[in-house]
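Written out below as C-alpha cells is the structure these notes cover.
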Number of protein chains: 2
Amino acid sequence: MDKEKRQKLEENGWAVGSVDEFLELTPEESAYIELKLTLATNLRQRRREQHLTQVELANLMHSSQSRVAKIEAGDPSVSLDLLVRSLLTLGVTQSDLAHMISPAV
Amino acid sequence: MDKEKRQKLEENGWAVGSVDEFLELTPEESAYIELKLTLATNLRQRRREQHLTQVELANLMHSSQSRVAKIEAGDPSVSLDLLVRSLLTLGVTQSDLAHMISPAV
DNA sequence: TGAAAGTATGTCGCATTTGACATACAATAG
DNA sequence: CTATTGTATGTCAAATGCGACATACTTTCA
C-alpha cells in the first residue's frame, strides 16, 4: 500500500532476496516486491546479454527508454504486467520465467 | 492489442496450453494470455481447496466478489498484477508460482 | 579533456485497471 | 417450488499505469 516504503526499499543496494518485513510489510507485500525485483534484475541481465540498449528494447516493445529504465529499476509505478511483457519480448519462455522465480527449479 | 480477440479466446473451453497463433497473435501475446489463464485456473483451484468463497477471498484481498469472478474468468480487464497478488493472498509461494508457470519444474 | 552514447529521474495528459454496486444466473437444500 | 448461497456480467467514477518528453547523470572512448 505505502508507496514511499517501497521506494525506500528499492533504493540503493538491496540484494535480491533480502527485502523482508523490517518495515511493516505484510508477507504478501514482501513477496510481491521481491518477485518484481527478481524479474527486473533478470530483465537487465538478459537485455545486456543480447547486446541491446534500453532504447532498442523500448522500440521492440513499443515503449520508451524512460519506461525501460523504470522497469529495470523496479520502480513502483511499473506493473508486473509490463515487466513480464518485456521479458517475453526478449524471448523468455515460461520455463525461463519459472527458473527466475524459483531458482531451485 | 485487440481486446475482442482475447475475449473470444478466453471464452468457453480452451484447454490451458492450447491458446496459440490461430488468430493473428504474436508469440508474446499468446504466451501472455496463456500465462494469465494458467494462473487464473490455479487461483480458482486453490481458493476452493481452502474452502473459501469468492466473497471471502475478496475480503482478504480488499477487493470485491465481482472482481474475483473476473480474475478467475481470465477477464481481459484484469491485470497480471492483480492475479498474482490474489495468489499471494492465498499463501502461494514463489516456488508454487514457478510450478504453475512451468509444470515440468 | 570533452563529445557521444547510454541510463536515470521527474512530470504530464491520456488510457487502462480498480473496487463497488446492481442485478442476473446457477446450484443446492429444505 | 422457492429460499439461500455462490457466481457471473455490466457499468461507472476514481485510482493507477502508461508512453512520451525534458533533462540530468554516467560511462566510454578518442
Side-chain angles (χ1 to χ4, degrees), chain A residues 1-14 28-29 32-33 35-37 39-41 43-90, chain B residues 1-8 10-13 28-29 32-33 36-37 39-41 43-89:
Chain A
M1 281 230 144
D2 190 339
K3 278 195 175 174
E4 315 319 321
K5 265 179 229 164
R6 296 190 175 171
Q7 284 273 28
K8 268 275 170 61
L9 272 178
E10 286 157 357
E11 277 168 2
N12 287 320
W14 286 103
E28 302 92 62
E29 285 175 329
Y32 174 74
I33 294 176
L35 185 57
K36 276 180 63 174
L37 287 180
L39 296 180
T41 302
L43 176 65
R44 170 158 291 172
Q45 198 177 301
R46 300 238 168 193
R47 174 178 63 78
R48 285 180 172 162
E49 279 171 14
Q50 305 189 223
H51 305 292
L52 294 172
T53 67
Q54 291 186 344
V55 170
E56 288 168 331
L57 174 55
N59 290 338
L60 284 177
M61 52 190 288
H62 309 294
S63 182
S64 61
Q65 179 269 324
S66 55
R67 264 293 124 205
V68 172
K70 281 161 192 167
I71 297 173
E72 293 186 351
D75 189 292
S77 86
V78 172
S79 70
L80 249 185
D81 271 49
L82 193 60
L83 200 30
V84 168
R85 281 208 230 94
S86 58
L87 283 164
L88 294 178
T89 300
L90 287 187
Chain B
M1 280 232 145
D2 191 340
K3 278 196 177 175
E4 315 319 321
K5 265 179 227 162
R6 297 190 175 171
Q7 284 275 28
K8 269 277 171 59
E10 285 155 357
E11 277 167 3
N12 286 322
E28 301 94 62
E29 284 175 330
Y32 176 74
I33 294 177
K36 275 180 65 172
L37 288 179
L39 296 180
T41 302
L43 176 66
R44 169 159 292 171
Q45 198 176 301
R46 299 239 167 192
R47 174 178 64 78
R48 286 179 171 161
E49 279 171 12
Q50 304 191 220
H51 306 294
L52 295 173
T53 68
Q54 290 185 345
V55 171
E56 289 168 329
L57 174 53
N59 291 338
L60 284 177
M61 52 189 288
H62 310 295
S63 182
S64 61
Q65 179 269 324
S66 55
R67 264 294 123 205
V68 172
K70 282 161 193 167
I71 297 173
E72 292 185 349
D75 190 293
S77 85
V78 173
S79 70
L80 243 189
D81 249 275
L82 193 61
L83 198 30
V84 168
R85 280 206 232 95
S86 59
L87 284 164
L88 294 178
T89 300

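When rounded to the nearest whole Å, the span between CD of B:Glu56 and P of D:dG6 equals 7 Å. If you take CG of A:Asp75 and P of D:dA20, they are 17 Å apart, rounded to a whole angstrom.
Here the rule is side chain to side chain contact (heavy atoms under 4.5 Å, CB included) with B:Leu80, and of A:Leu83, A:Leu82, A:Val84 only A:Val84 fits it.
Checked against side-chain contact (heavy atoms from CB on, under 4.5 Å), A:Gln54 has the following partners two or more places apart in sequence or in another chain: A:Arg44, A:Arg47, A:Gln65, A:Val68, A:Ala69, A:Glu72.
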What nitrogen or oxygen pairs link the protein and nucleotides 19-26 of chain C at under 3.5 Å?
from, atom 1, to, atom 2, distance (Å)
C:dG19, OP2, B:Ser63, OG, 3.0
C:dG19, N7, B:Arg67, NE, 2.9
C:dA20, OP2, B:Ser63, O, 3.1
C:dA20, N7, B:Ser64, OG, 3.2
C:dA20, N7, B:Ser66, OG, 3.4
C:dC21, N4, B:Ser66, OG, 2.6

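We find the CD1-CG distance between A:Ile71 and A:Leu39 to be 11.5 Å, quoted to the nearest 0.5 Å.
Across every non-hydrogen atom of B:Asp81 and A:Ser79, the tightest pair is OD2-CB, 2.9 Å.
The phosphate of C:dT18 has OP1 or OP2 within less than 4.0 Å of a side-chain N or O from B:Ser79. The side chain of A:Arg47 places no N or O atom within less than 4.0 Å of a non-bridging phosphate oxygen (OP1 or OP2) of C:dG6.
A:Arg44 comes within contact range of the sugar-phosphate backbone alone, with a heavy-atom separation under 4.0 Å but no base atom that close. Counting non-hydrogen atoms under 4.0 angstrom, B:Val78 reaches the backbone sugars and phosphates but no base.
Comparing the axis of the opening five pairs of the helix from C:dT1-D:dA30 to C:dG30-D:dC1 with that of the closing five pairs yields an angle of 40°, rounded to 10°.
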